[in-house]
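Values in this document were obtained by computation on a predicted structure and should not be read as measured data. Excluded from the calculations below are hydrogen atoms, water molecules and symmetry mates; all remaining heavy atoms, backbone and side chain alike, are included.
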Amino acid sequence: MFLTLMFACSENPAEQATPATVEAPPAAPAEPAGPVGDPVAVDVAASSIGFVGAKFTGSHEGHFKTFTGKLFVHEGVATGTEFTIETGSVWADADDLTGHLQDEDFFFVEKFPQATFTSTKIEGGTVTGVLDFRGVQKELTFPTVIEVGETATTMKSEFSLNRKDWGVMYDGKADNLIEDLVLIKLDLTFPTA
């Protein structure tokens with residue numbers, strides 16, 4: 001029986017992704033310097049902020065329908081980014097899961113209606129910034145590919161993070177435990193013309 005269960009366990013897609021680096025946020029400087037360059041708003045209709053969570057019996061995909069964001073570009077180089085996500089806009093590929101993600105076991109939408117990310121550095125194919133989610137602030141560094149074009153700039157990334165770093169401790173049912181690692185998928189477009 002144990003062997004049957006062991007082989008029935010599905011693979012977590014997050015385990016195949018580059019893990020993000022998570023640390024305590026740095027102390028705020030006396031006079032914070034913002035990114036240089038002009039801000040370009042994200043095209044929400046052409047962009048997605050998604051995730052894949054896994055449990056013992058399978059995985060589920062989801063995304064956020066409502067978010068705002070901007071990317072700062074200076075002389076053809078991305079210098080910073082800021083995002084605000086409306087957590088209540090979460091959608092999952094199962095209706096009952098969409099509702100569950102909104103309660104206190106996961107996003108706790110009633111108490112924490114927004115999540116924010118503000119970058120502090122973009123260099124060497126990585127973005128570093130502070131993710132404020134469920135009232136927990138952590139510095140997050142993740143790999144990204146940013147391509148600055150004449151009519152649009154794109155930002156794409158896939159990485160894994162540990163949900164428990166932000167206080168999402170719900171383990172699921174005893175016979176269908178939820179994995180700690182979650183795959184994050186970013187596909188963002190910032191039109192410049």
Review point. Given side chains that start at C-beta, do those of F133 and K138 come closer than 4.5 Å, heavy atoms only?
Key: no
Check your understanding: So, does T84 use its side chain to make a donor-acceptor pair with the main chain of T116 at under 3.5 Å?
Key -> no
Review point. Heavy-atom distance under 4.5 Å between the side chains of F106 and I178, does that happen here?
Key: yes
Review point. So, the side chain of T192 versus the backbone of A152: is there a donor-acceptor pair under 3.5 Å, distance only?
Key: yes
Check your understanding: Between T128 and T141, is any side-chain donor less than 3.5 angstrom from a side-chain acceptor?
Key -> yes
Practice item. Determine yes or no for a side-chain-to-main-chain donor-acceptor pair under 3.5 angstrom, with T144 supplying the side chain and K156 the backbone. Key: yes
Exercise for review: Rounded to the nearest 0.5 Å, what's the gap from NE2 on H63 to NZ on K185? Could you check?
Suggested key: 11.5 Å
Check your understanding: Is the closest side-chain heavy-atom distance between I49 and I85 below 4.5 Å?
Key -> yes
Review point. If two hydrophobic side chains count as joined below 4.5 Å and joins carry through other members, does L186 share a cluster with F190?
Key: yes
Review point. With a 4.5 Å limit on heavy-atom distance, are the side chains of V168 and F108 in contact?
Key: no
Point to revise | Interatomic spacing from CD in E82 to NZ in K70 - rounded to 0.5 Å | key: 4.5 Å
Exercise for review: Mark yes or no for whether D180, through its side chain, and N162, through its backbone, hold a donor-acceptor pair below 3.5 Å.
Suggested key: no
Review point. Taking the side chain as C-beta and beyond, is there a heavy-atom pair between F56 and D175 under 4.5 Å?
Key: no
Practice item. To the nearest 0.5 Å, tell me how far W91 CH2 sits from E61 CD. Key: 7.5 Å
Check your understanding: In this structure, are over 12 heavy atoms from other groups packed under 6.0 Å from E110 atom CD?
Key -> no
Review point. For the side chain of T154 and the backbone of D187, is there at least one donor-acceptor N/O pair under 3.5 Å apart?
Key: no
Exercise for review: Side-chain contact test, heavy atoms from C-beta onward, threshold under 4.5 Å: evaluate it for F72 versus I122 and give yes or no.
Suggested key: no
Point to revise | Side chains of I146 and V77 in contact at under 4.5 Å (non-hydrogen atoms) | key: no
Review point. Are the side chain of T87 and the backbone N or O of F112 linked by a donor-acceptor pair below 3.5 Å?
Key: yes
Check your understanding: Does N176 reach the main-chain N or O of T57 with its side chain, forming a donor-acceptor pair under 3.5 Å?
Key -> yes
Exercise for review: Output yes when a side-chain donor or acceptor of R134 lies under 3.5 Å from a complementary backbone atom of E104, and no otherwise.
Suggested key: yes
**Study point:** Parallel, tilted or perpendicular: ring planes of F67 versus F83, cut at 30 and 60 degrees
**Key:** tilted
Review point. Relative to each other, are the rings of F107 and F51 parallel, tilted or perpendicular (30° and 60° limits)?
Key: perpendicular
**Study point:** Pairing of D171 and R163 as salt bridge, 4.0 angstrom limit
**Key:** yes
Practice item. Give a yes-or-no answer on whether the side chains of D43 and T189 include a donor-acceptor pair shorter than 3.5 Å. Key: no
Exercise for review: State, yes or no, whether a side-chain contact exists between W166 and L140 at a heavy-atom distance under 4.5 Å.
Suggested key: yes
**Study point:** Side-chain donor/acceptor of S89 to backbone N/O of F64, under 3.5 Å
**Key:** no
